[in-house]
Amino acid sequence: MSLSLNQWTTRQWSVAEAVDGCVRHGLEAIGLWREKVAEQGLAESVKLVRAAGLRVSSLCRGGFLTAGGLPGEQGRTAFARALEDNRRAIDEAAELAAGCLVMVVGGLPGVRPGEALPAEGFTRDLAGARERVAEALAELAPYAGERGVKLALEPLHPIYCPDRAVLSTLGQALELSLPYPEEQVGVVVDTFHVWWDPRLFEEIARAGRRIASYQVCDYLHPLPEDVLLGRGMMGDGVIGFPPITRAVLAAGYTGDIEVEIFNADIWAADPDEVVATMKSRYAEVVLPAS
């Protein structure tokens, strides 16, 4: 187990800059984002990571599978496009030898992330949206398995259920993963999204080796106007990390602990200072006392 920098924490860094930053700060792993990999170029990103001797702890993100819940041809077309994009994401994860492909499954069909509800062209069928996720997994899990990629279902805090993820609890994500071999489909434990769940420790234990990624950041209070940016540096919010870390380790997780922060002030700060703070808070706040 070691510390990994999720690239979005130092959002202003390119893949090349983030890889160099990890090396300078003595980190062994990095979590990459598809947008940044596309800007750098997939082949060049692979080359940079391998030359630096880094592990890719995760690739973010696949998912957004629920648009198939729209009626008629619109839904069929959206579902086909989502499957095509996710197959590309799986191929990219395979090239990068990523520990997993993080799957943010999508919100209610027709609701766009961060935008007002459209006047028409969306559905309130939450149960149906979750069924579309299950249908997509049936298509994608074997494809991922053939390429040695683990799909990691990430439950998001319920505030994101309308537009980003109709999976809100670790238990929901775990249930969807169980029909598949654990090397094909697992789950993400992200402290920001799951810290509040009264069944969290029970579900972590039940997940066991299906935990494909452990991501940490704090939950700020009060949340900013843009709740997407309500993640803080560990120790700046309300989460008690050591019990969660202990539970994840007791469940058998041996992967990297990845720091993923969406925060406008952190994004505007000197990335090297952010990484230095991240390292100290990881040791002081995230890890259980020995």
Side-chain angles (χ1 to χ4, degrees), residues 1-2 4 6 29 31-32 34 46 49 55-66 68 79-80 82-106 127 129-156 165-190 193-194 197 199-215 244-245 247-258 260:
M1 185 186 67
S2 70
S4 174
N6 184 287
L32 295 176
R34 293 182 69 200
V46 170
V49 168
R55 294 184 299 276
V56 177
S57 52
S58 73
L59 178 65
C60 196
R61 63 194 180 210
F64 288 91
L65 306 167
T66 56
F79 191 64
L83 292 178
E84 180 182 2
D85 181 63
N86 277 275
R87 291 188 186 103
R88 285 197 298 269
I90 290 167
D91 292 341
E92 293 163 14
E95 286 294 316
L96 289 161
C100 64
L101 174 65
V102 174
M103 302 290 284
V104 176
V105 298
R130 289 172 177 151
E131 290 174 3
R132 301 294 83 73
V133 177
E135 290 175 3
L137 279 178
E139 296 281 343
L140 295 171
Y143 186 89
E146 291 169 359
R147 287 151 183 80
V149 172
K150 178 179 283 192
L151 305 180
L153 300 174
E154 181 171 16
L156 268 57
V166 294
L167 300 182
S168 301
T169 68
L170 186 59
Q172 288 175 320
L174 183 58
E175 285 300 319
L176 280 181
S177 76
L178 291 178
Y180 306 98
E182 64 180 32
E183 63 269 17
Q184 287 185 10
V185 185
V187 295
V188 179
V189 176
D190 183 321
H193 294 301
V194 301
D197 187 348
R199 292 178 56 88
L200 176 60
F201 296 102
E202 179 181 340
E203 296 298 349
I204 287 174
R206 189 163 72 102
R209 293 191 178 276
R210 282 192 186 269
I211 299 174
S213 178
Y214 179 37
Q215 296 182 333
I244 302 175
T245 302
V248 169
L249 298 180
Y253 182 72
T254 58
D256 299 298
I257 298 182
E258 190 175 289
E260 181 187 59

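By convention here, the first residue in the shown sequence is residue 1.
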Quiz item: Would you say the side chain of Ile90 lies within less than 4.5 Å of the side chain of Glu95, judging by non-hydrogen atoms?
Solution: no
Exercise. Give the intermediate values and the outcome of side chain to side chain donor-acceptor pair (under 3.5 Å) for residues Tyr253 and Ser213.
Key: CA-CA 8 Å; Tyr253 182 72; Ser213 178; 4.9 Å; no
Quiz item: Which heavy atom in Thr66 sits nearest to a heavy atom in Ala129, and how many Å separate them?
Solution: CG2-O, 3.6 Å
Quiz item: What's the verdict on side chain to side chain contact (heavy atoms under 4.5 Å, CB included) for Arg206 and Leu178, showing C-alpha distance, side-chain angles and the deciding distance?
Solution: CA-CA 11 Å; Arg206 189 163 72 102; Leu178 291 178; 3.9 Å; yes
Practice problem: Tell me, with the steps shown, if Val189 and Gln215 meet side chain to side chain contact (heavy atoms under 4.5 Å, CB included). | Solution: CA-CA 6 Å; Val189 176; Gln215 296 182 333; over 6 Å; no
Exercise. Of all the heavy-atom pairs spanning Val185 and Ser177, show the shortest one and how long it is.
Key: CG1-CB, 3.5 Å
Quiz item: Yes or no on side chain to side chain donor-acceptor pair (under 3.5 Å) for Asp197 and Thr169, after CA distance, side-chain angles and deciding distance?
Solution: CA-CA 7 Å; Asp197 187 348; Thr169 68; 4.8 Å; no
Exercise. Taking the side chain as every heavy atom from C-beta outward, state whether Val194 and Pro155 have any pair of such atoms under 4.5 Å apart.
Key: yes
Quiz item: Glu175 versus Leu170: any side-chain heavy-atom pair under 4.5 Å?
Solution: no
Practice problem: Enter the distance from Glu154:CD to Leu101:CG here, rounded to the nearest 0.5 Å. | Solution: 11.0 Å
Quiz prompt | Whether Lys150 side chain and Glu182 backbone form a donor-acceptor pair below 3.5 Å | solution = yes
Self-check item: Charged N-O contact under 4.0 Å between Asp91 and Arg88
Solution: no
Quiz prompt | Pairwise side-chain contact, Met103 with Leu140, heavy-atom cut-off 4.5 Å (strictly under) | solution = yes
Quiz prompt | Interatomic spacing from OH in Tyr214 to CD in Glu258 - rounded to 0.5 Å | solution = 12.5 Å
Quiz prompt | Inter-residue atom distance Arg130.CZ - Gln172.CD, 0.5 Å rounding | solution = 4.5 Å
Quiz item: Do you know the tightest heavy-atom contact between Ala141 and Gln184?
Solution: O-OE1, 3.3 Å
Quiz item: Can you check whether Ala251's main-chain N or O pairs, donor with acceptor, with Arg209's side chain at less than 3.5 Å?
Solution: no
Quiz item: From His193 NE2 over to Ser168 OG, what is the distance, rounded to the nearest 0.5 angstrom?
Solution: 10.5 Å
Quiz item: In Å, rounded to the nearest 0.5 Å, how long is the span from CD1 of Ile244 to CG of Leu249?
Solution: 12.0 Å
Quiz item: Quick one: is the NZ or CZ of Arg199 closer than 6.0 Å to the six-membered ring centre of Phe201, and within 45° of its axis?
Solution: no
Quiz item: Can you check whether Val188 reaches Leu153 side chain to side chain, under 4.5 Å on heavy atoms?
Solution: no
Self-check item: Tyr180 side-chain N/O to Gly145 backbone N/O, donor-acceptor pair under 3.5 Å
Solution: no
Exercise. Would you mind checking if Arg210 and Glu183 are paired as a salt bridge, meaning a charged N to carboxylate O distance below 4.0 Å?
Key: no
Self-check item: Side-chain donor/acceptor of Glu203 to backbone N/O of Leu200, under 3.5 Å
Solution: no
Quiz item: Between Ser2 and Arg55, is any pair of side-chain heavy atoms under 4.5 Å apart?
Solution: yes
Self-check item: Salt bridge flag under 4.0 Å for residues Glu84 and Arg87
Solution: no
Practice problem: Begin with the C-alpha distance, continue with both residues' side-chain angles, and end with the deciding distance and a verdict on side chain to side chain contact (heavy atoms under 4.5 Å, CB included) for Tyr143 and Glu139. | Solution: CA-CA 7 Å; Tyr143 186 89; Glu139 296 281 343; over 6 Å; no
Quiz prompt | Arg34 side chain near Arg61 side chain, heavy-atom distance below 4.5 Å | solution = no
Practice problem: To the nearest 0.5 Å, tell me how far Asn6 CG sits from Asp256 CG. | Solution: 11.5 Å
Quiz item: Below 4.5 Å, heavy atoms only, C-beta onward: do Leu59 and Val102 meet side chain to side chain?
Solution: no
Quiz prompt | Closest heavy-atom pair and its distance - Leu176, Pro179 | solution = O-CD, 3.3 Å
